[in-house]
Amino acid sequence: MRRRLWLLLLPALLLAGCQREEPSRTAYQLYFQEADLTSSAGESPLRTETVYLYDAETDSPRLLAQALVGELLKGPADETLKSTFPAGTTLVSLEIDGDRARVDLSPSYESLSGVALTLADSAVAMTLAQVPEVSSVQLTVRGRELAYRERQVLNIREVLLTPEEDVISTVDVRLYFLNQEGRLTAAEQTLDLYEGDTQVSAVARALERKPEGRDLLSPLPEGFQVKSVWLEEDICYVNLSSALLEGLEEGAFRTALRALENSLASLEAVEEVRFLVDGEFQRDLGLPGGGE
């Protein structure tokens, strides 16, 4: 009886020994456009489709970002969706620089403009929002920025959130913008704070936008963006990227720094503002290479 029982169990044991553990995968969301926009009247024209990626192949921010954009470029499986990319668009390169994803695409992407370009840019940014280390996206074509694009760097939080969404607090602040004569002038504003925001990060982000209903302009020149900003006790640290400072005109650069310093110092919690470049403190901050 024991011998017969052993013979019955043997095939099952052999089968169990031959089975291999399935590699682990994680679900991610890809953003595509509604094929029939009449069905999305009054709502976002972008919808998601789920893709499963192997964890072993996406174990770094760069690999995950590359895989997500690669899947996005393949287009949707759902026939009610369509890709926001022109046919033949390919990924030339993708690098992670600090908290920014630099996505370089093939020349066909250059054919987009207006709403179509906005949708394609948003689809990339919203898809890459799933990479925890990435908070902004810069899209180029063969290494060149699209001159007609309104903004060259997309802040993922601004793309994801609508003004009414997730507001958890507000802060009164005095922001310094440029008037029509090119001089800094103060504008009192109440800023919304979303989950994960700090007062200093909200101020830095607000300076990138033109104040509504006023004849003022952002003091930050094209391509200039704060890489990160934080508060330690009563000192506010503003970290800039040397790559984004290259080519800036000296006067515009100095004006941007004064606007940031004055605006951040208007917060009650801030007593001093210090600037860093690529994480290194700069006592006498100047443009990389001496500026123009």
Legend entry - From CA spacing to verdict: salt bridge (Lys or Arg N to Asp or Glu O under 4.0 Å), R258, E261: CA-CA 5 Å; R258 287 200 304 274; E261 183 173 17; over 6 Å; no
Legend entry - Heavy-atom neighbours of E268 CD exceed 12 at 6.0 Å: no
Legend entry - Test log, rule side-chain contact (heavy atoms from CB on, under 4.5 Å), inputs L240 and V226: CA-CA 5 Å; L240 308 174; V226 174; 4.3 Å; yes
Legend entry - T190 versus D172, side-chain donor and acceptor atoms under 3.5 Å: yes
Legend entry - Under 3.5 Å side-chain donor-acceptor pair for D104 and T140: yes
Inset, instruction - Under the side-chain contact (heavy atoms from CB on, under 4.5 Å) rule, what do V238 and V273 come out as? Steps first, then yes or no, please. - result: CA-CA 7 Å; V238 182; V273 178; 4.0 Å; yes
If only atom types and distance count, is the side chain of [X] paired as donor or acceptor with the main-chain N or O of [Y] below 3.5 Å?
X	Y	value
Q152	L146	yes
E49	D78	yes
Q130	Q29	yes
S263	Y176	yes
E181	R183	no
R47	F32	no
S106	T90	yes
S218	L207	yes

Inset, instruction - Decide side-chain contact (heavy atoms from CB on, under 4.5 Å) for V92 and L105; before the verdict, give the C-alpha distance in whole Å, the side-chain angles of both, and the deciding distance to 0.1 Å. - result: CA-CA 5 Å; V92 177; L105 300 169; 5.6 Å; no
If you look at every heavy atom in [X] and [Y], which pair is closest and at what distance?
X	Y	value
L68	T127	CD1-O, 3.7 Å
T58	L63	CA-CB, 4.1 Å
A120	T84	CA-OG1, 3.4 Å
Y31	L72	O-CD1, 3.2 Å
L81	T48	CD1-O, 4.3 Å
V229	S201	CG1-CA, 3.6 Å

How far does [atom1] of [X] sit from [atom2] of [Y], to the nearest 0.5 angstrom?
X	Y	atom1	atom2	value
L191	T170	CG	OG1	9.0 Å
T89	L112	OG1	CG	7.0 Å
Q66	E57	CD	CD	12.0 Å
T26	D55	OG1	CG	3.5 Å
S122	L117	OG	CG	9.0 Å
S266	Q189	OG	CD	10.5 Å

Inset, instruction - Report the C-alpha separation of V124 and L154 in whole Å, then their side-chain angles, then the decisive distance to 0.1 Å, and conclude whether the side-chain contact (heavy atoms from CB on, under 4.5 Å) test is met. - result: CA-CA 10 Å; V124 176; L154 302 175; over 6 Å; no
Inset, instruction - Please work out which of the three classes, parallel, tilted or perpendicular, describes the rings of Y109 and F85, given edges at 30° and 60°. - result: tilted
Inset, instruction - Please tell me if the side chains of L30 and P76 come closer than 4.5 Å, counting only heavy atoms from C-beta onward. - result: no
Inset, instruction - Using a 4.5 Å cut-off on heavy atoms from C-beta on, say whether the side chain of V134 contacts that of P61. - result: no
